[in-house]
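Okay, structure first, notes after.
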Amino acid sequence: MIKLYGHEMSGNTHKVRLFLSLLHLEYEYIQLDLMKGEHKQPEFLKINPFGQVPVLIDGETVFQDAQAILVYLARQYGGEDWFPTDAESMSRVVRWLSTTAGEIRQGPENARLYYVFGATSINIERATQKSHFILNLLNDHLSERTWLEFERPTIADIGAFPYVALARDGHIELDQYPHVLRWIEQVKKQPGFLGMPGIEALTSV
């Protein structure tokens with residue numbers, strides 16, 4: 001049985017839960033209370049010395065970091081469609097996973113941390129600026145395509161999705177990014193889509 005440690009308000013946890021749901025994989029979910037610092041306790045630090053969620057355990061093997069977990073699940077259970085193995089296609093998908101850990105984290109994710117979790121150490125002006133930079137880039141990129149790469153969803157889309165969809169939590173409006181909004185709705189239409197606080201599932205799905 002797969003085990004997943006996470007928190008319901010964590011976008012990084014959500015992307016893993018979403019992918020597990022899209023793959024129709026059963027797993028045990030173990031919720032950590034981040035507000036009480038359970039992710040910094042010695043017991044959990046033995047699993048992930050970084051003290052971060054999510055963490056996925058499959059059998060005896062521990063996987064840390066949301067993007068790394070997506071790669072593992074795609075290769076182990078998802079097949080070629082979710083994470084292709086030819087060099088060019090793999091590079092295109094990894095580029096977006098890097099963007100997820102870079103520009104999206106520096107922008108929408110940090111803006112949400114500032115407003116929702118009171119992370120006042122974050123420079124909110126810089127996070128807002130970064131948010132609009134990456135949203136403009138995504139909007140232009142998606143103006144001529146349905147998905148980030150290829151004509152199907154991949155882990156590039158799953159990795160980028162939560163914090164873009166949660167941008168309004170960081171006081172970043174999405175109305176000026178119509179192609180991003182269309183893409184968000186496309187993700188929600190996928191069989192097995194799973195919502196979270198701030199991201200509602202489509203009632204018709």
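Nothing here was measured: the structure is a model prediction, and the numbers come from that model.
The heavy-atom pair separating Val93 from Pro84 by the smallest distance is CG2-CD, 4.0 Å. Across all non-hydrogen atoms, the minimal contact from Ser10 to Tyr163 is C-OH, 4.0 Å. Of all the heavy atoms in Ile104 and Ala160, the pair that sits closest is CD1-CB, 3.7 Å. Heavy-atom minimum distance, Val16 versus Leu70: CA-CD2, 4.3 Å. Minimum interatomic distance between Pro162 and Ile158 (heavy atoms only, all atoms of both residues): CD-O, 3.3 Å. Between Pro191 and Leu22, the shortest heavy-atom distance links the atoms O-CD2, 3.3 Å.
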Q. Taking it one step at a time, do Tyr115 and His171 satisfy ring pair (Phe, Tyr, Trp, His ring centres under 6.0 Å)?
A. CA-CA 8 Å; Tyr115 285 108; His171 296 195; 3.6 Å; yes
Q | Residues Asn48, Val62; criterion side-chain contact (heavy atoms from CB on, under 4.5 Å); working and verdict | A | CA-CA 8 Å; Asn48 185 4; Val62 179; over 6 Å; no
Q: List the steps and the verdict of side-chain contact (heavy atoms from CB on, under 4.5 Å) for Ile2 and Glu26.
A: CA-CA 7 Å; Ile2 294 171; Glu26 294 185 1; over 6 Å; no
Q: Before giving the answer on side-chain contact (heavy atoms from CB on, under 4.5 Å), spell out for Leu135 and Asn139 the whole-Å C-alpha distance, their side-chain angles and the decisive distance to 0.1 Å.
A: CA-CA 6 Å; Leu135 287 169; Asn139 199 61; over 6 Å; no
Q | side-chain hydrogen bond (donor to acceptor under 3.5 Å, both in side chains) between Thr85 and Glu80, intermediate numbers included | A | CA-CA 7 Å; Thr85 53; Glu80 193 74 12; 3.1 Å; yes
**Q.** From CA spacing to verdict: side-chain contact (heavy atoms from CB on, under 4.5 Å), Phe19, Trp82
**A.** CA-CA 10 Å; Phe19 195 37; Trp82 287 105; 3.4 Å; yes
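Looking only at distances, a side-chain donor or acceptor of Gln64 sits under 3.5 Å from a matching main-chain atom of Ile47. With Thr13 contributing its side chain and Gly6 its backbone, the two residues share no donor-acceptor pair below 3.5 Å. Proximity of a side-chain donor or acceptor of Arg152 to a complementary backbone N or O of Asp81 within less than 3.5 Å is detected. Of the possible polar contacts, none joining the Glu151 side chain to the Trp147 backbone as a donor-acceptor pair under 3.5 Å is found. A distance-only check finds a donor-acceptor pair linking the side chain of His141 to the backbone of Leu148 [under 3.5 Å]. In this structure, Ser91 contributes its side chain and Ala87 its backbone to no donor-acceptor pair below 3.5 Å. Remark: side-chain polar atoms of Asp140 are not paired, donor with acceptor, to backbone N or O of Leu137 under 3.5 angstrom. With hydrogens and angles disregarded, a donor-acceptor distance shorter than 3.5 Å links the side chain of Ser21 to the backbone of Gly192.
Rounding to the nearest 0.5 Å gives a distance of 10.5 Å between NZ of Lys15 and CD1 of Ile155. We find the CD-CG distance between Gln52 and Leu34 to be 10.5 Å, quoted to the nearest 0.5 Å. Going from atom CG of Leu32 over to atom NZ of Lys40 covers 11.5 Å, rounded to the nearest 0.5 Å. If you take CG on Asn110 and CD1 on Ile124, they are separated by 8.0 Å, rounding to the nearest 0.5 Å. A distance of 10.5 Å separates CE of Met1 from CG of Leu25, quoted to the nearest 0.5 Å. Residue Asn12 holds its CG atom at 6.0 Å from CD of Gln67, rounded to the nearest 0.5 Å.
Taking the side chain as every heavy atom from C-beta outward, Ser89 and Glu149 never approach each other to under 4.5 Å. Using a 4.5 Å heavy-atom cutoff, the side chains of Gln31 and Glu8 are in contact. Between Val71 and Leu97, the closest side-chain pair of non-hydrogen atoms falls below 4.5 Å. Side-chain contact between Val187 and Phe193: present, with at least one pair of heavy atoms (C-beta onward) separated by less than 4.5 Å. Proximity of Leu73 to Phe83: side-chain heavy atoms (C-beta onward) are nowhere separated by under 4.5 Å. Residues Thr146 and Trp183 are not in side-chain contact: their nearest non-hydrogen atoms beyond the backbone lie 4.5 Å or more apart. The closest side-chain heavy-atom distance from Ile172 to Pro108 is not below 4.5 Å. In this structure, the side chains of Trp96 and Val94 stay at 4.5 Å or more apart for every pair of heavy atoms.
More than 12 heavy atoms of other shown residues, nucleotides or ligands fall within 6.0 angstrom of atom CD in Gln41. In the displayed structure, Arg105 atom CZ is contacted under 6.0 Å by at most 12 heavy atoms of other residues, nucleotides or ligands. By the 6.0 Å contact criterion, CZ on Arg126 is open, its count of non-hydrogen atoms from other residues, nucleotides or ligands being 12 or less. Atom CD of Glu28 is surrounded by more than 12 heavy atoms from other residues, nucleotides or ligands within 6.0 Å. By the 6.0 Å contact criterion, CZ on Phe133 is open, its count of non-hydrogen atoms from other residues, nucleotides or ligands being 12 or less.
A salt bridge links Asp175 with Arg168; the closest basic N to acidic carboxylate O contact falls under 4.0 Å. Under the 4.0 Å criterion applied to side-chain N and carboxylate O atoms, Glu103 and Lys130 are not assigned as salt-bridge partners. At a threshold of 4.0 Å, the pair Glu185-Lys188 counts as salt-bridged, since one of the basic side-chain nitrogens sits closer than that to a carboxylate oxygen.
A single hydrophobic cluster is not seen to contain both Leu45 and Val53; linkage of ILVMFWY side chains at heavy-atom distances under 4.5 Å, directly or through other members, places them apart. Residues Leu4 and Phe50 fall into different hydrophobic clusters, defined by Ile, Leu, Val, Met, Phe, Trp and Tyr side chains chained together at heavy-atom separations under 4.5 Å.
Geometric assessment of Arg17 against the ring of Tyr29 yields a positive cation-pi assignment under the 6.0 Å and 45° thresholds.
A side-chain N or O of His132 and one of Tyr177 form a donor-acceptor pair less than 3.5 Å apart.
Here the options are Leu56, Ile57, Asp58, the test is side chain to side chain contact (heavy atoms under 4.5 Å, CB included), and the partner is Lys3; only Ile57 passes.
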